[in-house]
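Here is the structure we will look at.
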Amino acid sequence: MSTSPTRRQAALAALALDDEALLKACDVEYFIASGPGGQHRNKTESGVRLTHPPTELSITATERRSQLQNKGVALERLREALKALTFVPKVRRATKPSKGAQKRRLENKKLTGQKKAMRGKKDLW
């Protein structure tokens, strides 16, 4: 997966921010989270969705019954996703075996073939 340089730069800039500044840079949305947790979870807006517009990342947290705890979890996940965006994969280059290595490999294959050819043959004296 390749990332555009502008997204990578935005992710690096966002990682340098503290939690409050990062939250201000995000669009925060609260919603009713479904699932187990009783009436408190099903009636209150405890789900949190953080959207970071410069990097186009959207993170959701609905595990906890508390909106504040979900916001903290979402912020941690956002930082992890930003770190993943900053990763630059190494360029892989094709390599060829040396002439000596090719020669040794062929010689070993010949020897192995000769051994296998001799298997099962009984000496007729």
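Reckoned from all heavy atoms, side chains included, excluding hydrogens, waters and symmetry mates.
Distance check, rounded to the nearest 0.5 Å: CD of Gln9 to OG1 of Thr86 gives 10.5 Å. Rounding to the nearest 0.5 Å gives a distance of 13.0 Å between NZ of Lys110 and CZ of Arg105.
Between Gln67 and Thr44 there is no side-chain heavy-atom pair separated by less than 4.5 Å. Contact of the Thr51 side chain with the Cys26 side chain is not registered, since no non-hydrogen atoms from C-beta on lie closer than 4.5 Å. Looking only at side-chain heavy atoms (C-beta outward), Thr55 and Leu82 come within less than 4.5 Å of each other. When side chains are defined from C-beta on, Arg8 counts as touching Val88, because their heavy atoms get closer than 4.5 Å. Side-chain contact between Arg49 and Ser58: present, with at least one pair of heavy atoms (C-beta onward) separated by less than 4.5 Å. With contacts defined as side-chain heavy-atom distances shorter than 4.5 Å, the pair Lys103/Lys99 does not qualify. Using a 4.5 Å cut-off on side-chain heavy atoms (C-beta onward), Ile59 and His52 make no contact.
A single hydrophobic cluster is seen to contain both Leu57 and Leu23, as judged by linkage of ILVMFWY side chains at heavy-atom distances under 4.5 Å, directly or through other members. Both Leu75 and Tyr30 belong to a common hydrophobic cluster when Ile, Leu, Val, Met, Phe, Trp and Tyr are linked at side-chain heavy-atom distances under 4.5 angstrom. Under the 4.5 Å side-chain heavy-atom criterion for Ile, Leu, Val, Met, Phe, Trp and Tyr, Leu15 and Leu50 are members of the same hydrophobic cluster.
No more than 12 heavy atoms of other residues, nucleotides or ligands shown are found within 6.0 angstrom of CD on Glu20. Crowding of Leu68 atom CG: a count of heavy atoms from other residues, nucleotides or ligands under 6.0 Å not exceeding 12.
Between the side chain of Arg77 and the backbone N or O of Thr60 there is at least one donor-acceptor pair closer than 3.5 Å. In terms of modelled atom types and a separation under 3.5 Å, the side chain of Asn70 and the main chain of Ser46 share a donor-acceptor contact.
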**Request:** Please assess Ile32 against Lys43 for the test side-chain contact (heavy atoms from CB on, under 4.5 Å), listing each intermediate value before the final yes or no.
**Result:** CA-CA 7 Å; Ile32 296 174; Lys43 291 276 190 177; over 6 Å; no

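Nearest heavy atom pair, residue Gly47 against residue Thr62, reads CA-CG2, 4.1 Å. Across every non-hydrogen atom of Pro53 and Ala25, the tightest pair is CD-O, 3.5 Å.
For Arg79 and Asp19, the salt-bridge test passes: some basic side-chain N is under 4.0 Å from an acidic carboxylate O.
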